[in-house]
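Below, all heavy atoms of this structure are taken into account, side chains as well, without hydrogens, waters or symmetry copies. Chain A is the first sequence line, chain B the second, and so forth, proteins listed ahead of strands; every chain is numbered from 1.
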Amino acid sequence: MVDLSQLNPRQHEAAKYIDGPLLVLAGAGSGKTSVITRKIAYLIDACGIKAHHIAAVTFTNKAAREMKERVNALVGKGGAKGLTVSTFHNLGLNIIRHELKTAGYKSGFSILDQDDCKNIIRDVMHREHGDDGDMIELVQNSISNLKNDLITPEHALQVAQSPQEMMIAQTYAVYQRMLKAYNAVDFDDLILVPTLLFRDHADVLARWQKKIRYLLVDEYQDTNTSQYELVKFLVGQRSGLTVVGDDDQSIYAWRGARPENLALLKKDFPTLKLIKLEQNYRSTGLILHAANHVIDNNPHEFEKKLWSDKGYGDPIRILKCRNDEAEAERVATEIIERRMRYGCSYRDFAVLYRGNHQSRAIEMKLQSFQVPYKLSGGQSFFGRNEIKDIMGYLRLLINPSDDAAFLRIINTPRREIGPTTIEKLSEYAAMRGTSLMSATTEMGLEQVLMPKAVDRLRRFGQWLEGITRNAYTDDPVAAIKELINDIDYEGWLLQNSGTPHQAERRMKNVWFLVDSVAKMIDKAEEVGDEVTIEDAVGKLVLRDMLEQQEQEDENDQVQLLTLHASKGLEYPHVYIIGMEEELMPHRNSIEANTIEEERRLMYVGITRAKRTLSLTYAAKRRQYGETASTTHSRFLDELPQKDVEWEGKTETSAEEQKQRGQETLNSLKGMLADF
DNA sequence: TAGGCAGTCGTTTTT
DNA sequence: CGACTGCCTA
């Protein structure tokens, strides 16, 4: 039987309350994951609800994985069999996969990332409006917003108010048709399509309501309209819903999240019960106090007062640095120094920043001091060119209609098939109403292309068809290896990367990808799941790969991440760098008047720290190759000044700063020499 | 068609 | 300052 005794009274109540829909307002570090995981265990053990009737939804794969592990530990492997713990997007993918026909897709459909989508939109706008491409970002964002708001192209056309909205709605409509033709969905469709499916097909909805009898949603303040509707459909008139959220940690409004969904719950579920978790188990008193003090500058829907019974702890430090390089050096040397002095590990340190590019300076310094670090986010595994290439082949393998993938890889590595050939091929395919892939083997090609070009296309088409056959009739992984061999991808990398060493690294990434596919298929077979290469590739696109994380978590590395990426994580020692106006809060946020969301981001950053918190800013910063003076962030002034130590604020001379840096460096060198 | 070169342009956050 | 585009030549 599950043990709830470690929970405090509020947590305990939240875990046991199953009489109706429940909203848990969980402040930062208040142990919400414990509540969710123990509640799942409680539902299985004490309430007799079968694990396969329970679904828990999170926003990141990392959170989902962690939750799954913790539930397993609580109820034992067997007990949690069939339990769904996944991201919203993964749940959506599953629903689409099970309702393929009704949803109007064929098996092996592709999931396109933003780059692919942007290319399609560029293409559409070029054709339909002769647009040269400065509006693409805007249009792409607008379409995404429409989808997040559960607005179909037809609906968007009806409600368009301005010529621009009209243009966006038209592009949306054509774009959506192209996706269908490609047998592909984008990220937003993974939510939108299932929701529309539930709205329009009572039988499908009934099936899923029967399957999911209890739904738990984490980070509820991050849901968008489509996601909320999906939740409402799944829950229906029943009471099996627990949502956990914190309006102060809503930092994703820019991608359609609606923090007001928290308040909306009261209206949509009149019997909603509200439980607040206000005890923080993570941070020292001063850090927590600082966080409360900052966030008090925001208006609040729900009043909430975080407290902690840990001691006050060290004061918060604000470090003024001469410039961005000095800032990076200061942080890097301090980490080394503290590690040696207090015997902590590299992994105890996190450096947080507003924008990905800010990691660069820190990276350089850490590298020069030989400090191991892990860069999360930014140029991710799936953003790498070699991975996108191979993923292109994989996608084409399982979905020949995927023109976006075709275009990516048709001339990579070089096959002497250039823009002119591709343009003619596209015209021909459009005329015949087929995909580019199947057009390559059609007979009519001779009419429009030179024999040489036809030959090259045909060779490619036939070759890939052969590989595809092997993948389906034989060992799929072997087929993929054969593919990579055939195109001599390694040779291509060798030619194309700066150094042989780099090429080797990139090739390792490729093999890692192939391994992931293999593992995924193996694992599925073990459990008896019917998971095909299609599923494996789909999950890959959603980055649902466990191995990579596990491996890297083993290592003792300083953590470099954006403030956004830091949500849900915690570290003993936290540095937040670049605390300057126009950087944090970001210039765009000042202009767009979304300071409150920036403040919440600040709040998230502060509350990541368990023991010490250091905030740094640079008096001068290089940007666009020019050096400009800066103003320190307004958020620094919003901290409770009696708990804060400013260093270098009052014009301590540049000389003194320099000297101090030199001293640190020298003492470090001395310490290093001793080791 | 590919590869090199020079001018351009610009940096929020992500499933 | 550096990444990216697009032009130009072999």
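Listed pair Arg587(A) / dT12(B) fails the phosphate criterion, with no side-chain N or O lying under 4.0 Å from OP1 or OP2. Applying the 4.0 Å criterion to OP1 and OP2 of dT12(B), one finds that Thr562(A) has every side-chain N and O outside that range. At dT13(B), one or more side-chain N or O atoms of Asn356(A) fall inside 4.0 Å of OP1 or OP2 (strictly under the cut-off).
By the side chain to side chain donor-acceptor pair (under 3.5 Å) test, Arg600(A) is found to be paired with Glu597(A), residues two or more places apart in sequence or in another chain being considered. Applying the side chain to side chain contact (heavy atoms under 4.5 Å, CB included) test to Leu407(A) and every residue at least two apart in sequence or in another chain returns Ile422(A), Leu436(A). Every salt bridge (charged side-chain N to carboxylate O under 4.0 Å, His left out) that Asp389(A) has, sequence neighbours left out, goes to Arg408(A). In this view, Phe635(A) satisfies the ring-ring contact (aromatic ring centres under 6.0 Å, His included) rule with no residue, not counting sequence neighbours. Partners of Tyr575(A) according to the ring-ring contact (aromatic ring centres under 6.0 Å, His included) rule, which considers only residues two or more places apart in sequence or in another chain, do not exist here. With sequence neighbours left out, Tyr428(A) forms a ring-ring contact (aromatic ring centres under 6.0 Å, His included) with no residue at all. Checked against ring-ring contact (aromatic ring centres under 6.0 Å, His included), Tyr353(A) has no partners two or more places apart in sequence or in another chain. Scored by the side chain to side chain contact (heavy atoms under 4.5 Å, CB included) test, Arg456(A) finds Glu416(A), Ile417(A), Lys452(A) as partners (sequence neighbours excluded).
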Going 5' to 3' through nucleotides 1-10 of chain C and flagging B where a protein heavy-atom sits under 4.0 Å of the base, S where only the sugar-phosphate is that close, and - otherwise, we get BSS-------

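Of the candidate nucleotides dT12(B), dA2(B), dT14(B), dA2(B) has the atom nearest to the side chain of Glu416(A). Closest to the side chain of Ala565(A), from the set dA2(B), dT14(B), dT12(B), is dT14(B). Side-chain proximity of Thr60(A) to the nucleotides dT14(B), dT15(B), dT12(B) is greatest for dT15(B). Relative to the side chain of Asn411(A), the nucleotides dA2(B), dT1(B), dT12(B) differ in distance, and dA2(B) lies closest.
Using a 4.0 Å heavy-atom cutoff across all strands shown, Thr421(A) reaches sugar-phosphate atoms only and no base atom.
The separation between Asp115(A) atom CG and dT15(B) atom P is 14 Å, rounded to whole Å. Across the protein-nucleic acid pair, Ile577(A) atom CD1 and dT13(B) atom C1' stand 15 Å apart, rounded to whole Å. Atom-to-atom, CD1 of Ile590(A) to P of dT13(B) comes out at 16 Å; the value is rounded to the nearest Å. Look at CG on Asn61(A): it is 14 Å from P on dT14(B), rounded to the nearest Å. For Arg255(A) and dT15(B), the CZ to P distance is 6 Å, given to the nearest whole Å. One interatomic measurement links the two molecules: CD1 of Ile576(A) to C1' of dT13(B), which rounds to 15 Å at whole-angstrom precision. The CG atom of Asn224(A) sits 17 Å away from the P atom of dT14(B) (whole-angstrom rounding). Rounded to a whole Å, the CG atom of Leu112(A) is 17 Å from the P atom of dT15(B).
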Pairs counted only when both distances fall under 3.5 Å, Watson-Crick or G-U: show me the 5' to 3' dot-bracket for DNA chain C, [ ] for pseudoknotted crossings and | for other-strand partners. ||||||||||

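The 5' end of DNA chain B is approached more closely, in terms of each residue's nearest nucleotide, by Ile417(A) than by the other of Ile417(A) and Arg354(A). Between Thr420(A) and Gln623(A), the residue whose closest nucleotide on DNA chain B is further toward the 5' end is Thr420(A).
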Intermediate values then yes/no, salt bridge (Lys or Arg N to Asp or Glu O under 4.0 Å), Arg199(A) and Glu229(A): CA-CA 9 Å; Arg199(A) 189 192 68 185; Glu229(A) 291 300 316; over 6 Å; no

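Contacts between residues 450-459 of chain A and DNA chain B, counted as heavy-atom distances below 4.0 Å, involve no residue at all.
In this structure, Trp254(A) forms an aromatic stack with the base of dT13(B), since both conditions hold: centre separation below 5.5 Å and plane angle below 30°. Using a 5.5 Å limit on the distance between ring centres and a 30° limit on the angle between planes, the aromatic ring of His586(A) counts as stacked on the six-membered base ring of dT12(B).
Put simply, the side chain of Gln227(A) and the base of dT15(B) share no donor and acceptor less than 3.5 Å apart.
Residues Tyr603(A) and Asp246(A) have side chains in contact (heavy-atom distance under 4.5 Å, counting atoms from C-beta outward). When side chains are defined from C-beta on, Pro299(A) counts as touching Glu596(A), because their heavy atoms get closer than 4.5 Å.
Applying the salt bridge (Lys or Arg N to Asp or Glu O under 4.0 Å) test to residues at least two apart or on different chains, the pairs with a partner in residues 182-195 of chain A are Lys147(A)-Asp186(A), Lys147(A)-Asp189(A).
Gln221(A) places no side-chain N or O within donor-acceptor distance of the main-chain N or O of Asp248(A), the cut-off being under 3.5 Å.
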